[in-house]
Structure formats: structure tokens, C-alpha cells
Amino acid sequence: MSRNFKFKPKPLKTLKYEQPKTQLLFELFTIGSVIKRLPAHLPFPEVSKMPTVVHWFRLDLRLHDNLALRNAINEAENRKHILRPVYFLNPDSIHNIGTNRLRFLIQSLQDLDANLRKLNTRLYIIKDTAINCLPKLFQKWQVKFLTVQVDIDPHLVDQDDAIEKVAEENDIFIVKRVQHTVYDVHSVLKKNNGSVPLTYQKFLSLVQDMQVKETIDINKQISECCKAEDYNSKEYDVPTLEEIGVDESTLSECKYPGGETEGLKRLNVYMSRKQWVCKFEKPNSSPNSIEPSTTVLSPYLSHGCLSSRLFYHKLKDVENGMLHTQPPVSLLGQLMWREFYYTAGAGTENFDRMVGNKLCTQIPWGENTEHLRAWAEGRTGYPFVDAIMRQLKQEGWIHHLARHMVACFLTRGDLWISWEEGAKVFENYLLDYDWSLNAGNWMWLSASAIFYKYFRVYSPVAFGKKTDKDGLYIRKYVPELKKYPSEYIYEPWKAPKSIQTKAGCVVGIGYPKRIVDHDKIHKENMQKMSLAYKNNREKKAMKRPRS
DNA sequence: AGTCATGTTGTCGCT
DNA sequence: GAGCGACAACATGAC
């Protein structure tokens, strides 16, 4: 697969395109847009009466701060063309999206459709993949203009390349907008001479003096003449969960409903707590509180229900004139971590794999299907690890430090299983799954890249006790242990048989025995890490002999 | 050029 | 009981 891993600025072509003299002209030529002039091609049968402008929604499920969408609206308005905002959802190709995330997605699409209808347009859901269907729609709808957000997930990038090719053959203008991150990651890479900043501090220094664009709003009613004749067709309605093959009765209570409306509401709730925002320090927040100790804005940011730039500006407003914490620990610092990983992901080939990934230390991970399953299903015999994995599976969100705990346990700490396996499980379960953050954080936790102090191993017994001495969190998510005395809640195997019986759960019967002995195995693993690092160093030295 | 301090988020044992 | 160094590190930038 060919991928844009080194910074290669796409040329901004000059066009001979009779633009109406509007704001659009200005918008089209601002930094971050990529516009293609494409050769003419033939018309086709069954075409719509009027030409169409399409906005292709992907990870930008919102109206606010969506410049690509506004470009589409303006173009349709100025030329009196049909406007069709579309989303491609193929029920057959959603296998790596877990049911919780699918629910979040469907809710987000419902909300998006509702918000679009307030503007006198709607969302067209196409129950197919973009690759299969967009070329046909180009002709069926007489598409002349296509707007889309720039995404960096290689799956989407590959899709883009293919679509752009087809568009080329159909004389369609494409406008791509950078609006998923605060900064244009390619500008950051360029500023760093084309290479990836490998430390957070380095990243911060690069973006320090970069301007962050103001956000925009879309709130004008769209003209009646931009409505398609199939405006009321049920064919394009947002499907129900049942229709895409999800049995809703298997899902737990919905703690984090999807959608722009929820995302904005959540943002405003937290931004109104000014003292809390200004005092926020991530490492001091608790991984095992019963209610989240952080904002849980991440699923809204990952789906684009919430604009990262809006979050940025709101945070700046709150911090303005107040004494506040600083990156990396501050709330703004959290947003910058996201930017950091996006930059690394965009600038690194094979970022989501170990082999062929320049940043990633090559480590000879083992295979153990049984252990991997036990970990994923929350039955390792370590109550804290199991509680976290069960919360993840049920609710689709766990605290960042809880992710540290279980990721360390799966990889360098205990099970010695590849971080790629863990990343796949997280991709399935997390509401806030994000391609670059997921791969980046897994490499961090497995001490494969960016973070190197592999001897800092999280103890499945000690770590949780710091913030939850009595194991209330464990009692909630591993209810079979809820009657255990606090003394044994983190290590039930140490409880005398009589106490186990009295608590109604004998280890090995009602709750699994430990699948590994942490005290022993983490020391063995550290030796393996040491060796892997040593081999890595030697390989590097071989590649770059002293001149 | 080489040295040195520094960096989101560990644990244990000793003072 | 808090604070500190040891324990199996590496990239960066200041000097």
C-alpha cells in the first residue's frame, strides 16, 4: 500500500473555474485546501435534472466548525445546485467496530440528520461503501462538486486516492479541508524538516507560535431550490441498530450517547467548571472512580461530533486571566497529546504495526491465544485488570491510566503479547477509538516507541490501591468478589479458604485463578525487554557505521 | 563534538 | 508516612 508517510505537500493547483465572486472564492484558496482540476468526461443515463454538490461526511459528524460542509452549502446556493450531504455505511464492512461504538455512530448520524433538517436539508445514508457507490452516484446525481474532510487513517487515505481518481474522470471538483485536528499535521511535519517530532516537548515547541484558526458556524437556512427530488425518500434514512444487525438487548445502558448535540452539551458542562479546568492535572485524576474523573469528550472528538478547535478555543477562554496548570498535565495538554499522536501517525509509515515501522522497537512478542482471550474478556484472575476490561467492554470507555494498566499487563508487564493484538481489541471496544492515538498509545505502553522506561511496570495489585483502597471499582465490575474484605480485594488468592467461602466466591471456582504470577513474570519480561533493546541498538549501529 | 539535564502518569525498600 | 534512589532507557536540545 502506498502511503503518504513523508511530508509531501500536495500542490495547490490553479484553476480555470468560473467562481462566483463570493466568500467561497476566498475560502477555496486558503491554506489547507486541496483542489483538483479535472478533465471532462461523458454524461450517463438516469441522471438527475440538476447538477449536485456533495458533502461526504466521515469523521466530521457535526455542523459547527465544518468548513468543508459550508463550502458545499455555499457552492450549491450560489449555483442553485442540489445539495446532498452523504454518509456511507455498509452493514457488511463494519466488523471491526464493536456494538457499543456502532450505537454511538448511529446516534451521531441521527443527531446529524436532525440538525441538517433544521437547516432545510438532510443526511443521505448510502448503505454501501464509498468505493463501490460513489462513482455511480457521481453520474446518477450529476455531481460537480465534492467536499470532504482530510483524515489521516490510512484506510481513509487509500479510499480518497481511489475516489479522487474516479472524480478526475468525471470532471468533479474536490475540496478537502483540514479540520479534524487543531493544527495541520503536515505543516507541523514540514516545520520539523519533514520528520516526526519524537518527544512531546519538541512537538509543543513546533506548534507554539502556530496560529489556530477561529471556528465557524453554519446556521443559515438552505434555499428550497437546493432540495433534491428524493428529499423525502426513506431509502436514505439513518438505519436502526437492528437494521445493521445489532441486537440492542445485548448492550448495556448507554452512558455516553453519540452526536454533536451531546458533544457540545458535554463540552459546555465541563467548560463552565472553570476552577476544575484550571486545576486539572491528568496524572492526579483517578483511573478507578465509579464516575469518570475526566471529561469523556474523547468519543465526541474521535467521531468529529465535537471540533477539536472549538475545544481548544474554549479552553483558552477559560484559562485566560486565571492561574492554570500547563501541558502536559493540563486539559489543554491532553488535546496537545492528541495532536502529537496525529502528527506521528501521519508522518510514519506502518504506524499501526511493529514490522516496517521506523519508530517501533522490534520486540519478539510471544503468542498465547488463551491468555489473550482471558485478558480481553476480563478473566485474568487479577481483579483490577479484569474490572477494567469489563468496564471497557460494557461501557466503551475507561480512564487513560486504566488503559495504561491493562496495556502494560498484556505486553511488557505480564503476558508478553504484541501490542498489535491489544490495539485490535481496543479498536473493537472503545467508543473513542482513533487510529493514530490507539497505535501511538499502545507503542508508548509497550515501551516500543516514544516511551522507553520499560522497567516502570504497573502492578495489578498496587496501582489501583492508590486511588481506591477498598476496591469499590472492582466490586462494581467484578461483582463475584464484592463481598471480599478490602484486605484481599486486589489479591483474592491470598485470602484463606474460610474467608473465600464466607465471601461466596472461591478462587478457581467462582473467579479464575491468576493466569500468571506477576511478581515472577514481570522480572523475566524486563530481561527480555533489555535484550530486545540491546539487539535494537546493535541493529541501528550496523545500519549507521561510524564515518 | 561531547556532556548533561530533561521528559504525563511505577514499585519497592530504605531512611 | 513522606521522600528518595535504584532498577534493565533513549531522544532532544542547551551549553
Side-chain angles (χ1 to χ4, degrees), chain A residues 191-193 195-206 208 279-289 293-294 298 324-341 343-344 347-348 358-363 382 384-385 388 398-409 411-414 416 437 440-469 490-491 517-541 544 546-547:
Chain A
K191 207 172 172 195
N192 201 37
N193 301 317
S195 63
V196 170
L198 290 175
T199 64
Y200 181 78
Q201 296 302 329
K202 175 72 182 169
F203 170 81
L204 282 187
S205 72
L206 289 169
Q208 200 175 23
K279 286 180 180 162
F280 186 90
E281 283 181 286
K282 186 62 162 276
N284 291 345
S285 57
S286 164
N288 47 7
S289 52
S293 60
T294 51
S298 51
H324 60 84
T325 52
Q326 297 287 336
V329 296
S330 66
L331 212 45
L332 189 63
Q334 307 313 300
L335 186 56
M336 292 299 109
W337 278 104
R338 178 176 185 268
E339 299 289 316
F340 172 63
Y341 283 122
T343 310
T348 308
K358 259 174 106 175
L359 297 189
C360 188
T361 304
Q362 305 296 302
I363 296 167
Y382 283 95
F384 188 42
V385 172
I388 294 168
I398 50 177
H399 186 278
H400 187 63
L401 291 176
R403 299 179 199 204
H404 277 219
M405 176 70 245
V406 295
C408 180
F409 189 88
T411 57
R412 67 189 159 93
D414 297 78
W416 199 253
L437 272 65
N441 276 311
W442 272 99
M443 282 190 274
W444 176 293
L445 260 304
S446 57
S448 300
I450 311 163
F451 172 84
Y452 306 94
K453 290 178 218 179
Y454 58 78
F455 46 86
R456 291 192 178 175
V457 177
Y458 290 85
S459 157
V461 172
F463 186 60
K465 284 185 185 170
K466 286 197 285 188
T467 41
D468 180 21
K469 214 166 147 263
Y490 282 88
E491 33 194 351
D517 180 344
H518 173 78
D519 291 340
K520 264 192 207 156
I521 208 149
H522 92 272
K523 286 192 174 153
E524 291 170 25
N525 288 347
M526 275 199 273
Q527 280 173 7
K528 290 191 202 166
M529 285 301 288
S530 171
L531 193 63
Y533 270 51
K534 199 174 147 232
N535 290 338
N536 206 53
R537 268 199 304 275
E538 281 166 10
K539 241 188 237 166
K540 266 190 193 167
R544 277 189 157 200
R546 280 166 172 250
S547 54

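Order of the sequence lines sets the chain letters (A, B, ...), proteins ahead of strands, with each chain counted from 1. No hydrogens, no waters, no symmetry mates; every other heavy atom, side chains included, goes into these values.
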K.L.:
I'd like to check the salt bridge (Lys or Arg N to Asp or Glu O under 4.0 Å) partners of Arg338(A); sequence neighbours left out, ordered by chain and number.
P.N.:
none
K.L.:
Residues in ring-ring contact (aromatic ring centres under 6.0 Å, His included) with His399(A), at least two apart?
P.N.:
none
K.L.:
My understanding is that only residues two or more places apart in sequence, or in another chain, count here; which of them pass side-chain contact (heavy atoms from CB on, under 4.5 Å) with Ala447(A)?
P.N.:
Arg412(A), Phe451(A), Tyr454(A), Met529(A), Tyr533(A)
K.L.:
Starting at NZ of Lys534(A) and ending at C1' of dA9(C), how long is that distance when rounded to a whole Å?
P.N.:
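In whole Å, dA9(C) C1' lies 15 Å from Lys534(A) NZ.
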K.L.:
Leu359(A) CG to dA9(C) C1': how many Å, rounded?
P.N.:
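For the pair Leu359(A) CG and dA9(C) C1', the rounded distance is 16 Å.
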K.L.:
Is a side-chain N or O of Gln334(A) found less than 3.5 angstrom from the main chain of Val329(A), in a donor-acceptor match?
P.N.:
yes
K.L.:
Can you tell me whether the base of dA8(C) sits syn or anti, using the 90° cut around 0 to define syn?
P.N.:
syn
K.L.:
Please report the distance, rounded to the nearest Å, between CZ in Arg412(A) and C1' in dA9(C).
P.N.:
12 Å
K.L.:
Please list, chain by chain and in numerical order, all residues satisfying ring-ring contact (aromatic ring centres under 6.0 Å, His included) with His400(A), sequence neighbours excluded.
P.N.:
His404(A)
K.L.:
Using the P atoms only, state how far dA14(C) lies from dT8(B), rounded to an integer number of Å.
P.N.:
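Result for the P pair: 15 Å, nearest Å.
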K.L.:
For Tyr452(A), give me all partners under ring-ring contact (aromatic ring centres under 6.0 Å, His included), at least two apart in sequence or on another chain.
P.N.:
none
K.L.:
The criterion is side chain to side chain donor-acceptor pair (under 3.5 Å); which residues satisfy it with His522(A), sequence neighbours excluded?
P.N.:
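Result, side chain to side chain donor-acceptor pair (under 3.5 Å) vs His522(A): none returned.
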K.L.:
May I ask you to decide if Gly464(A)'s main-chain N or O and Asn288(A)'s side chain share a donor-acceptor pair within less than 3.5 Å?
P.N.:
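Yes; at least one donor-acceptor contact below 3.5 Å.
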K.L.:
Mind checking salt bridge (Lys or Arg N to Asp or Glu O under 4.0 Å) for Lys191(A) and listing every partner two or more places apart, or none if nothing turns up?
P.N.:
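Here the qualifying residues are Asp209(A).
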K.L.:
Please list each protein N or O that sits under 3.5 Å from an N or O in nucleotides 13-15 of chain C, with the distance.
P.N.:
unit_1, atom_1, unit_2, atom_2, d
dG13(C), OP1, Lys202(A), NZ, 2.2

K.L.:
Work out how far the C1' atom of dA9(C) is from that of dG7(B), and round it to whole angstrom.
P.N.:
12 Å
K.L.:
What would the secondary structure line of DNA chain C be in dot-bracket form, counting Watson-Crick and G-U wobble pairs under 3.5 Å, with [ ] for pairs that cross earlier ones and | for pairs with another strand?
P.N.:
.||||||..||||||
K.L.:
Could you work out the separation of dC4(C) and dT6(B) based on their P atoms and round it to a whole Å?
P.N.:
15 Å
K.L.:
According to side chain to side chain donor-acceptor pair (under 3.5 Å), who are the partners of Glu339(A), at least two apart in sequence or on a separate chain?
P.N.:
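Checked Glu339(A) against side chain to side chain donor-acceptor pair (under 3.5 Å); zero matches.
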K.L.:
My understanding is that only residues two or more places apart in sequence, or in another chain, count here; which of them pass ring-ring contact (aromatic ring centres under 6.0 Å, His included) with Phe409(A)?
P.N.:
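Phe409(A) satisfies ring-ring contact (aromatic ring centres under 6.0 Å, His included) with Tyr382(A) once adjacent residues are dropped.
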K.L.:
Can you build the contact string for nucleotides 1-12 of chain B? Use B for base contact, S for sugar-phosphate-only contact, and - for no protein heavy atom under 4.0 Å.
P.N.:
------SBBBSS
K.L.:
Over all strands shown, is Met526(A) touching base, sugar-phosphate only, or nothing at heavy-atom distances under 4.0 angstrom?
P.N.:
base
K.L.:
Mind calculating the distance between CG (Asn535(A)) and C1' (dA8(C)) to the nearest angstrom?
P.N.:
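One finds 14 Å between C1' of dA8(C) and CG of Asn535(A), rounded.
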